[in-house]
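Side chains included, hydrogens not; waters and symmetry mates left out as well; all remaining heavy atoms used. Worth saying up front: this structure is predicted, and the values here are computed from it rather than measured.
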Amino acid sequence: MYNVRKDWLGAIVTAGLGAGVITSFAVSQGQSPLVGLGITAFAAIAAVTIDHFA
(Lines give C-alpha, C1' and ligand atoms only; values in the text may rest on other atoms or scores of the structure.)
Protein backbone atom coordinates (compact mmCIF):
# COMPACT_ATOMS: atom_id res chain seq x y z
CA MET A 1 0.00 0.00 0.00
CA TYR A 2 2.70 2.46 0.98
CA ASN A 3 6.11 2.51 -0.66
CA VAL A 4 8.23 3.24 2.39
CA ARG A 5 11.97 3.35 1.75
CA LYS A 6 14.19 3.10 4.78
CA ASP A 7 17.26 5.28 5.02
CA TRP A 8 19.78 2.66 6.12
CA LEU A 9 22.78 5.00 6.18
CA GLY A 10 20.93 7.62 8.18
CA ALA A 11 19.71 5.02 10.66
CA ILE A 12 23.21 3.58 11.15
CA VAL A 13 24.77 7.02 11.60
CA THR A 14 22.09 8.13 14.04
CA ALA A 15 22.31 4.94 16.09
CA GLY A 16 26.10 5.03 16.05
CA LEU A 17 26.23 8.64 17.21
CA GLY A 18 23.78 7.96 20.01
CA ALA A 19 25.68 4.94 21.24
CA GLY A 20 29.01 6.67 20.67
CA VAL A 21 28.20 9.50 23.06
CA ILE A 22 27.62 7.12 25.95
CA THR A 23 30.57 4.95 24.97
CA SER A 24 32.85 8.00 24.82
CA PHE A 25 31.91 8.80 28.39
CA ALA A 26 32.61 5.21 29.46
CA VAL A 27 36.02 5.27 27.73
CA SER A 28 36.85 8.55 29.45
CA GLN A 29 36.12 6.82 32.76
CA GLY A 30 38.64 4.04 32.04
CA GLN A 31 36.87 1.49 29.86
CA SER A 32 38.89 -0.15 27.08
CA PRO A 33 38.44 1.69 23.75
CA LEU A 34 38.16 -1.64 21.92
CA VAL A 35 35.28 -2.72 24.15
CA GLY A 36 33.70 0.70 23.65
CA LEU A 37 33.86 0.36 19.87
CA GLY A 38 32.34 -3.12 20.11
CA ILE A 39 29.48 -1.85 22.24
CA THR A 40 28.86 1.05 19.82
CA ALA A 41 28.85 -1.26 16.79
CA PHE A 42 26.52 -3.74 18.48
CA ALA A 43 24.12 -1.00 19.56
CA ALA A 44 24.03 0.52 16.07
CA ILE A 45 23.41 -2.85 14.40
CA ALA A 46 20.73 -3.76 16.94
CA ALA A 47 18.95 -0.42 16.47
CA VAL A 48 18.93 -0.74 12.68
CA THR A 49 17.72 -4.34 12.88
CA ILE A 50 14.89 -3.40 15.24
CA ASP A 51 13.99 -0.48 12.98
CA HIS A 52 13.88 -2.80 9.98
CA PHE A 53 11.50 -5.30 11.59
CA ALA A 54 9.36 -2.81 13.51
Side-chain angles (χ1 to χ4, degrees):
M1 185 166 162
Y2 294 105
N3 187 10
V4 178
R5 295 200 51 172
K6 301 257 181 178
D7 180 18
W8 292 97
L9 183 60
I12 290 172
V13 169
T14 302
L17 286 174
V21 169
I22 301 303
T23 303
S24 297
F25 176 74
V27 169
S28 74
Q29 298 297 313
Q31 183 181 19
S32 168
L34 188 60
V35 172
L37 286 173
I39 292 169
T40 301
F42 178 79
I45 291 169
V48 171
T49 303
I50 290 169
D51 181 53
H52 174 70
F53 291 110

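Checked against side-chain contact (heavy atoms from CB on, under 4.5 Å), Leu34 has the following partners two or more places apart in sequence or in another chain: Ser32.
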Under 3.5 Å, which donor-acceptor pairs link side chains of residues 13-22 to any protein atom two or more places apart or in another chain?
unit_1 : atom_1 : unit_2 : atom_2 : d
Thr14  : OG1    : Gly10  : O      : 2.8

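In plain terms, the two heavy atoms of Leu37 and Thr23 that are nearest each other are N-CG2, 4.3 Å.
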